[in-house]
**Student:** 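Can you keep this structure in mind? I'll have questions shortly.
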Amino acid sequence: MGDLDDRVGDAVERNVGGAALHPELTRDLTFLHERGQPAGMLAARTDAEGDILSAAVVSQDASPQPLTSAQTAALQGIAPDGAPRTRTVPGLGTYRVAALDAGGIRVLTGLPMDDVRDMIDGLVEVEIAAAAVGLTAAGIVCAVVIRRQLRPLGRVAATAAEVSHAPLGRGQVTGLTRVPERDTDPGSEAGQVGAALNRMIDHVEASRAETMRGEERMRRFLADASHELRTPLASIAGYAELMNRGTDRIESGLAWRRVNAESARLRSLVEDLLLLARLDEGRPLQSAEVDLAALVAEAVWDARAAGTDHVWRLELDPDGSALVPGDEARLRQVVANLLANARIHTPAGTTVTATVRTTPTTSVIQVRDDGPGIPPDLLPTVFERFTRADASRTRAGVLAGGSGLGLAIVAAITTAHGGRIDVQSTPGHTEFTVELPGTELPPAGAPLRARTARVQERGGRPRIPWAPSRRREVSRRG
């Protein structure tokens, strides 16, 4: 098209030059007879308004032929600015025409576009064919590539379908099918899906295993609870039956004492179970400022009264303030259970030490003894419910806390207060550590005096012989 426009511009300039030889002849088209004029070229003379005065077309091996009125009308209204335009001339076809005004000599010239249009049509056909072939080839290649790339996703889908048919609702879920490692490449989308599916399967197995463990613990808990509750109930029922029969095999006073003892044991078990249930439900505890030093000191004196055959020691930090927010009754139960555990499961003469110390953020209670220690196979489950020691740590009575709930209650109360509990045990050294979040520390020196006063003023309690040293031995002789 650009080449054709150039040729149209050259032709109109040449024709203007030919018409300028006879400027007085406004209808003269003799320049069309010059040699070298291409066949099919048309030319016209126009007036100042752009109307056609005369027009003719160059014929092959013949003189120029004048245009008809219809053909002339198709060329009307073309401004003599030299810009090429496209016009369709009836009977001649489509032309690229341009008009030029040179000193009052106005000439319109046009060249046929048939060759150019044929070339453009052929180019379009070639492009369409090439595009069709290219798109077909691209479609085939894309289909092959996509199918190949989707093969890992298909394997992932097959794995997911296989896992979906696994009996997840019953039994132990282990060994579920995993996506092959080659299909878990994080560099591809299918690999990311495969890796995510494997992680999900891992989570399902872990969750199901934890559920099974929880169900097993629940079954064991119910069995242990039933056993513990059945024993005192059977005793009560047996003694009641003996008294109803009026037999002389047992004194009624002894029977009533046994019934009261078993009733107390049963009541203690029920209260412990109820406490654990409330803690499991997350019921809020009472919250007030509790002085752990005073609380532990009183618990040591209580333990001394119950275990006169043990040596009891109390260690306090005179420069710290063991003030914590919490439920004083429950924290007292924590310390009492730890001391009772040490008293029950250690032989006479064992030294039991209760320590209270503080850090910038926590208050720590430690209860340690130099007894035989906890068996290694029992240590991992020592805070689970109904966990009991072996024969070397046998129970010491129906009300001595030997049901296996004492340390479970300690762990539950500590957790409810936002703390943590830990145990370390070797032969000759067993240590329970309770960490509780503390409050802001008061000035050094003041807390200890305040605690001393409160402990000494409590009615019915022995006065604790406070001394500057951090360790005091509390015994029958002390």
Side-chain angles (χ1 to χ4, degrees), residues 122-226 273 276-284 376-387 408 411-412 414-423:
L123 179 61
V124 171
E125 291 174 359
V126 171
E127 289 179 347
I128 291 175
V133 173
L135 289 175
T136 302
I140 294 174
V141 172
C142 289
V144 173
V145 172
I146 290 174
R147 288 178 63 86
R148 184 173 181 179
Q149 294 295 325
L150 289 181
R151 286 177 187 172
L153 193 58
R155 291 191 289 268
V156 171
T159 302
E162 185 175 350
V163 172
S164 67
H165 292 91
L168 302 178
R170 61 183 184 277
Q172 185 73 21
V173 179
T174 57
L176 293 178
T177 304
R178 298 298 199 280
V179 177
E181 186 176 355
R182 60 176 178 169
D183 297 332
T184 58
D185 181 13
S188 64
E189 288 80 0
Q192 295 173 7
V193 174
L197 180 60
N198 279 351
R199 289 194 297 270
M200 184 187 70
I201 294 174
D202 292 339
H203 292 329
V204 169
E205 285 191 348
S207 299
R208 184 56 185 165
E210 181 61 29
T211 300
M212 294 295 295
R213 287 193 294 269
E215 293 176 354
E216 178 62 26
R217 287 194 298 268
M218 179 59 68
R219 286 192 291 268
R220 186 169 63 250
F221 171 77
L222 293 176
D224 291 339
S226 300
L273 291 174
L276 287 173
R278 289 175 176 174
L279 293 176
D280 288 342
E281 291 178 359
R283 293 188 182 182
D377 57 339
L378 184 68
L379 196 59
T381 60
V382 72
F383 295 112
E384 294 185 4
R385 298 167 189 184
F386 295 108
T387 298
T414 302
T415 302
H417 281 80
R420 57 182 296 272
I421 185 170
D422 186 30
V423 59

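None of these values were measured; they are calculated from a predicted model.
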**Student:** Look up atom CZ in R151 and atom CD1 in I146, then write down how far apart they are to the nearest 0.5 Å.
**Tutor:**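 R151 CZ to I146 CD1: 13.0 Å, rounded to 0.5 Å.
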**Student:** Give the minimum heavy-atom separation between T177 and I201, together with the two atoms involved.
**Tutor:**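 Heavy atoms of T177 and I201 come nearest at O-CD1, 3.2 Å.
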**Student:** Between Q192 and P186, what is the shortest heavy-atom contact and its length?
**Tutor:**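 Smallest interatomic distance, heavy atoms only, reads NE2-O, 3.1 Å.
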**Student:** Who are the side chain to side chain contact (heavy atoms under 4.5 Å, CB included) partners of L135, not counting sequence neighbours?
**Tutor:**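 With neighbours one apart ignored, the set is empty.
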**Student:** Looking at every heavy atom in both V423 and V382, which two are closest together, and how far apart are they?
**Tutor:**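 Heavy atoms of V423 and V382 come nearest at CG1-CG1, 3.8 Å.
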**Student:** So which heavy atom on T159 is nearest to which on R178, and how close?
**Tutor:**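 The pair with the smallest heavy-atom distance is CG2-C, 3.9 Å.
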